[in-house]
Amino acid sequence: MARIKSPCRNICTFDPASQTCLDCLRSLDEIARWGTMSHMERQKILKDLPRRRKAAPPTPDAAEA
């Protein structure tokens, strides 16, 4: 089974209210546990990222595009 890579792009900016990275949209807990998560846990998070992206407030980069 292929290892699931982290969605991190090293552009970490955290929303203080949600404690979520505004780039990869993972929580601090998810980021901290990524290395020890099971394949299924990682798949679940990656599958949820499009929904999180739709629900997330626009980032400054998106306004410039």
Side-chain angles (χ1 to χ4, degrees):
M1 184 178 312
R3 184 170 172 90
I4 297 176
K5 292 176 67 172
S6 167
C8 181
R9 298 184 307 166
N10 295 319
I11 309 172
C12 303
T13 304
F14 287 91
D15 174 44
S18 68
Q19 293 294 297
T20 300
C21 177
L22 296 174
D23 187 60
C24 74
L25 302 172
R26 294 179 297 157
S27 70
L28 287 173
D29 179 63
E30 290 169 339
I31 292 167
R33 293 185 323 104
W34 189 263
T36 60
M37 283 183 178
S38 70
H39 186 83
M40 301 253 323
E41 288 174 302
R42 290 178 182 187
Q43 281 184 317
K44 182 178 177 183
I45 290 169
L46 292 178
K47 184 177 179 181
D48 192 43
L49 292 181
R51 182 202 57 80
R52 295 180 189 189
R53 189 149 320 274
K54 283 184 179 180
T59 61
D61 294 357
E64 295 173 8

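In this view, Arg9 and Asp23 satisfy the salt bridge (charged side-chain N to carboxylate O under 4.0 Å, His left out) rule, not counting sequence neighbours. Taking the side chain to side chain contact (heavy atoms under 4.5 Å, CB included) definition, one finds that Ile4 meets it with Trp34, His39, Arg42, Gln43, Leu46, sequence neighbours left out. Applying the salt bridge (charged side-chain N to carboxylate O under 4.0 Å, His left out) criterion to Asp15, with sequence neighbours excluded, gives no partner residue. Remark: Asp29 pairs with Arg33 by the side chain to side chain donor-acceptor pair (under 3.5 Å) rule, at least two apart or across chains. By the side chain to side chain donor-acceptor pair (under 3.5 Å) test, Gln19 pairs with no residue at all, sequence neighbours left out.
Members clustered with Phe14: Leu28, Ile31, by chain and number, using a 4.5 Å side-chain heavy-atom cutoff among hydrophobic residues.
The two atoms that bring Cys12 and Cys21 nearest to each other are CA-SG, 4.0 Å, heavy atoms only. Shortest non-hydrogen contact noted between Arg26 and Glu30 is CA-OE1, 3.2 Å.
Rounded to the nearest 0.5 angstrom, Arg53 CZ and Asp48 CG are separated by 11.5 Å. For the atom pair Cys24 SG and Ile45 CD1, the distance stands at 9.5 Å (nearest 0.5 Å).
Of the N and O atoms on the side chains of Arg52 and Thr20, not one donor lies less than 3.5 Å from an acceptor on the other residue.
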